[in-house]
Structures are given as C-alpha cells and as structure tokens.
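Some notes on the structure that comes next.
By convention here, the first residue in the shown sequence is residue 1. The analysis underlying the following values was restricted to heavy atoms, covering all of them including side chains, and did not include hydrogens, waters or symmetry mates.
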Amino acid sequence: MTNQLQTLEQIKETAVDLGMRFGPKVVVAVLILVAGFFVARWVGGMCERSLSKFALEPPVRLLLLRLVRGLILAGFFLIALTNLDINLLPLIAGLSVAGAGVALAMQGVLGNLVAGLTIIFTKPFRVGDYVEVVGVYGQVVGVELFSTTLRHADMSRVVVPNRKIVGEIIHNYSR
C-alpha cells in the first residue's frame, strides 16, 4: 500500500515539475499559433483584395491565397516550436526524407496537381468554353487543381483528371 502511495506521490511531483517547467512555454506557443492564425487571415484578406484587381482565374487566385496563408502559418509554427526548445534541424531532415517517400507514393496525385497548374497557367480553355478533350465534350464548368469539370448538353457532369488532359488534343469550339 505504501509503495503505491509513493508511486502516486512521485507521479504527482513529476507532473507538477513538468507543468512548472514547460507550462508557460506551452501557453506562449499556443498564443503564437493563435496569433499566426489571425495574422494569416488578415494578410490573406489583404492579398485577396489586391488580387481582385488583377484578371486572374479563380483557381490561380485561390492557389496564391492558400500559399500565402500556408507560408505565414508555417512561419508561426516554426516560431512556436523554437519557443518550446525543439531542435528544428533533425525535424526538417526527417521531414525531407519522409517527403521524398510521400512524393513517390503520390505520383498520380502530384501528376494531377502539376497538370492542373499547367492548365491554369497556359489557359488552353477557360470556364464557359465548349471543348472536346480526351473524347469527352462539354462546357467547362470548373478548372480545379486536380480535375476539370465539363457539363454535357444533357446537363450531366463529367469530371476529367487533369493529367489526362495535358498532352492530349484539345478542341476548343468557343475560340
């Protein structure tokens, strides 16, 4: 019985010691992340207003906004980790090795992403154009990063992966 009480007392002392040592750092790290969230929203809103002055396709605008917000959140996340006295060099090295493995595993998805960026920036067709792509025809309803959505004359939707579109013959009836 006394052995169990001693164990509980040691657990309590260890928890109090860890709370006193790391508690304030955790609170500051959480405050840094919350501040980063609000800063990312604020800067994202400013960028959205700035980008609305340019004639950009909606997916390009959305991509740029997400990129800006993501970079800001990543910066605040790194600041929070540094505040917690976490050494970032091994973490970054491990993430780079894991990233290479994930990239190999996600070749199809990344192929769609790169093909989507190619379509968005080269603009072989726009939303509203009537096109024939890979044997499928219809009005372009949306061009996303991973797929393009077409609407047939019978109002059915066809979703075509972007990697199937890039490198194929595109017949644009609207131009």
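- In this structure, the separation between NZ on K53 and CD on E48 is 13.0 Å, given to the nearest 0.5 Å.
- Across V140 and V143, no two heavy atoms sit closer than the pair CG1-CG2, 3.8 Å.
- Using a 4.5 Å cut-off between side-chain heavy atoms of Ile, Leu, Val, Met, Phe, Trp and Tyr, with links allowed through other members, I92 and I86 fall into the same hydrophobic cluster.
- In this structure, the separation between CZ on R69 and SG on C47 is 8.5 Å, given to the nearest 0.5 Å.
- Residue pairs satisfying the side chain to side chain donor-acceptor pair (under 3.5 Å) criterion with at least one member in residues 140-150, sequence neighbours excluded, are listed as follows: T148-N162.
- Using a 4.5 Å cut-off between side-chain heavy atoms of Ile, Leu, Val, Met, Phe, Trp and Tyr, with links allowed through other members, F121 and L51 fall into the same hydrophobic cluster.
- Hydrophobic cluster membership differs between L145 and V68, with clusters built from Ile, Leu, Val, Met, Phe, Trp and Tyr side chains linked at under 4.5 angstrom.
- Annotation: side chain of V39 is not in contact with side chain of L73 (no heavy-atom distance under 4.5 Å).
- Of all the heavy atoms in L65 and G44, the pair that sits closest is CD2-O, 3.4 Å.
- Among residue pairs with one or both ends in residues 72-100, those qualifying as side chain to side chain donor-acceptor pair (under 3.5 Å) are K25-D85; sequence neighbours excluded.
- Under the side chain to side chain contact (heavy atoms under 4.5 Å, CB included) criterion, R66 pairs with L62, not counting sequence neighbours.
- With sequence neighbours excluded, the residues forming a ring-ring contact (aromatic ring centres under 6.0 Å, His included) with Y137 are H152, listed by chain and number.
- Looking at F37 and L33, their side chains never come closer than 4.5 Å, going by heavy atoms from C-beta outward.
- Remark: S174 OG to Q139 CD distance equals 7.5 Å, nearest 0.5 Å.
- Under the side chain to side chain contact (heavy atoms under 4.5 Å, CB included) rule, I32 has a single partner from L78, V27, I79, which is I79.
- Follow the hydrophobic side-chain contacts under 4.5 Å out from L63 and you reach F54 in the same cluster.
- At a threshold of 4.5 Å between non-hydrogen side-chain atoms, the residues D129 and Y173 do not count as touching.
- With rounding to the nearest 0.5 Å, the separation of CD in E132 from CG in N172 is 11.0 Å.
- Among pairs with a residue in residues 32-42, none fulfils side chain to side chain donor-acceptor pair (under 3.5 Å), at least two apart in sequence or across chains.
- Under the ring-ring contact (aromatic ring centres under 6.0 Å, His included) criterion, F76 pairs with no residue, sequence neighbours left out.
- A heavy-atom distance below 4.5 Å is found between the side chains of V136 and L150.
- L67 and V114 fall into different hydrophobic clusters, where Ile, Leu, Val, Met, Phe, Trp and Tyr side chains are chained together by heavy-atom contacts under 4.5 Å.
- In this structure, CZ on F77 lies 9.0 Å from CG on L88, to the nearest 0.5 angstrom.
- Atom-to-atom distance recorded for K164:NZ and N112:CG is 9.0 Å, nearest 0.5 angstrom.
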